[in-house]
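Below is one structure; the comments refer to it alone.
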Amino acid sequence: MNENIGRLQKALAERQIPSLLLSDISNVQWATGFTGSSAFVLLSPKDCLFITDSRYTVQCKEELPGVNVAIYSSPTDSASFIGQEAAKMGLDKIGFEADTVTYAQYEQWKKKLDPISLEPVSNIVEPLRMVKSKTEIDKIRAACKLADACFDHVIRMIQPGVTEFDLGLEIEFFFRRHGAEIGFPPIVVSGVRSARPHGRPSEKKLEKGDFVTMDFGCTLNGYNSDITRTVVVQEASPRHVEIYNAVLDSNLKGIDACKTGVTGADVDRASRDLLATHSLDKYFGHGLGHGLGKSVHDFGRLNPTSKDMLEPGQVWTIEPGVYIEGFGGVRIEDDVVVTESGNEILTHSTKELLVLPR
């Protein structure tokens, strides 16, 4: 049985929730280790049933040894089958994921599961996903190691005339060639376009004096990395150096503040206040970071209003940026796990200002 199922069952018992139906596929995957795209988990503090359709019969045997599995096939629909299995388990009340279940889905379940009552449940999976197990952290660490290798690989391509598309495609190819998937479409922006925090690669060719910001990550064994680095093509001006060093100091300040017992707002403030000493905070419009794990944007946020409390086992991105319209932008992002004594940085690509080609 996956250790996350045990953690979830313990949470159900503590909150006196008789049973829970997981339908959000990312939560199902987190709880069980299943990698398919359609499944449910019906569990109580003592029992657990994995439910999916016949497309995944063989896959279930490979990925879920020791787990009770129930499989349905056409013309039986999932709602009817869940109702049948819940009745077999003797359930009379089932909690559902209030934050992700649509009203239409709720209405269908209400009809097909009658007379079992349905109760909305919130804030039960999220806190558990925020605090990663050692196994999860090891998987994130491996994904970060591959992202570091990708950065070392792709910077060899940076020179005038290469397009943003060239770099973006090479990032995707590198990850797929190494058995991973892209965690999200890579961001590659250069020159004045680097002032776009979420700009997509274009046919623009790199030119001398361009900032080049690359934000990318991979999904490896179901867990993600997310890294950003900014370099300069051929020649860095004093303004390039000034802005880059300010963002780097902000990144380091945020990492230093990322520790047990503070809030997400505290970490954001530390990084943002550093930029203010350079009069650059007005160019930093987004939050400092987010949780990282099964999803690239996992639960938890580091921003000016965040009340999320940092605990050991949480993994966060620290990604301050400065974006000046008409000039360009810099973002430097690392993945950091909170520990009992401070934190551990999982991304190790150099943060020296690289002027490329060397």
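Residues: numbered from 1 along the sequence shown.
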Which is it for M89 and I94 under the side chain to side chain contact (heavy atoms under 4.5 Å, CB included) test, yes or no, and what are the steps along the way?
CA-CA 11 Å; M89 294 171 66; I94 299 175; over 6 Å; no

For the pair F81 and F40, evaluate ring pair (Phe, Tyr, Trp, His ring centres under 6.0 Å) and give the outcome as yes or no after the intermediate values. CA-CA 11 Å; F81 192 73; F40 305 86; 9.7 Å; no

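No hydrogens or angles considered: a donor-acceptor pair under 3.5 Å links the side chains of D166 and T163. When only modelled atom types and interatomic distance are considered, E3 and T135 share a side-chain donor-acceptor pair under 3.5 Å. E235 and H240 share no side-chain donor-acceptor pair at under 3.5 Å. Side chains of T35 and Q59: a donor-acceptor N/O pair is present below 3.5 angstrom, by distance only.
For the pair I5 and C48, the tightest heavy-atom approach, listed with the atom from each and the gap, is CD1-SG, 3.9 Å.
Following chains of ILVMFWY side-chain contacts shorter than 4.5 Å, one can reach L12 starting from L128, so the two form part of one hydrophobic cluster. In the hydrophobic cluster analysis, where Ile, Leu, Val, Met, Phe, Trp and Tyr join through side-chain heavy atoms closer than 4.5 angstrom, L353 is grouped apart from V188. Under a hydrophobic clustering in which Ile, Leu, Val, Met, Phe, Trp and Tyr are joined whenever their side-chain heavy atoms come within less than 4.5 Å, directly or via other members, I227 and V212 fall into the same cluster. If you chain together hydrophobic residues whose side chains sit under 4.5 Å apart, L220 and I137 never meet in one group.
The salt bridge (Lys or Arg N to Asp or Glu O under 4.0 Å) search around E85 returns K88, not counting sequence neighbours.
To the nearest 0.5 Å, the span separating CZ on R141 from CD on E136 amounts to 12.5 Å. The CD1 atom of I17 lies 10.5 Å from the NZ atom of K93; values are rounded to the nearest 0.5 Å.
A donor-acceptor contact shorter than 3.5 Å links the side chain of H290 to the backbone of V296.
Between R331 and V247 there is no side-chain heavy-atom pair separated by less than 4.5 Å. Side-chain contact check for E352 versus Y244: every heavy-atom pair is 4.5 Å or farther apart. Between Y223 and D138 the shortest side-chain heavy-atom distance does not fall below 4.5 Å. F327 places a side-chain heavy atom less than 4.5 Å from the side chain of I243. Between D335 and S225 there is a side-chain heavy-atom pair separated by less than 4.5 Å. Between S271 and L274 there is no side-chain heavy-atom pair separated by less than 4.5 Å. Residues T260 and L310 are not in side-chain contact: their nearest non-hydrogen atoms beyond the backbone lie 4.5 Å or more apart.
Among K205, K204, R193, the one residue that satisfies the salt bridge (charged side-chain N to carboxylate O under 4.0 Å, His left out) test with E164 is R193. Tested against N27, the residues K294, E126, R129 include a single side-chain hydrogen bond (donor to acceptor under 3.5 Å, both in side chains) partner, R129.
The aromatic rings of Y323 and H286 lie tilted to each other, with the angle between the two planes from 30° to 60°. The aromatic rings of F216 and F175 sit tilted relative to each other, their planes meeting at an angle between 30° and 60°.
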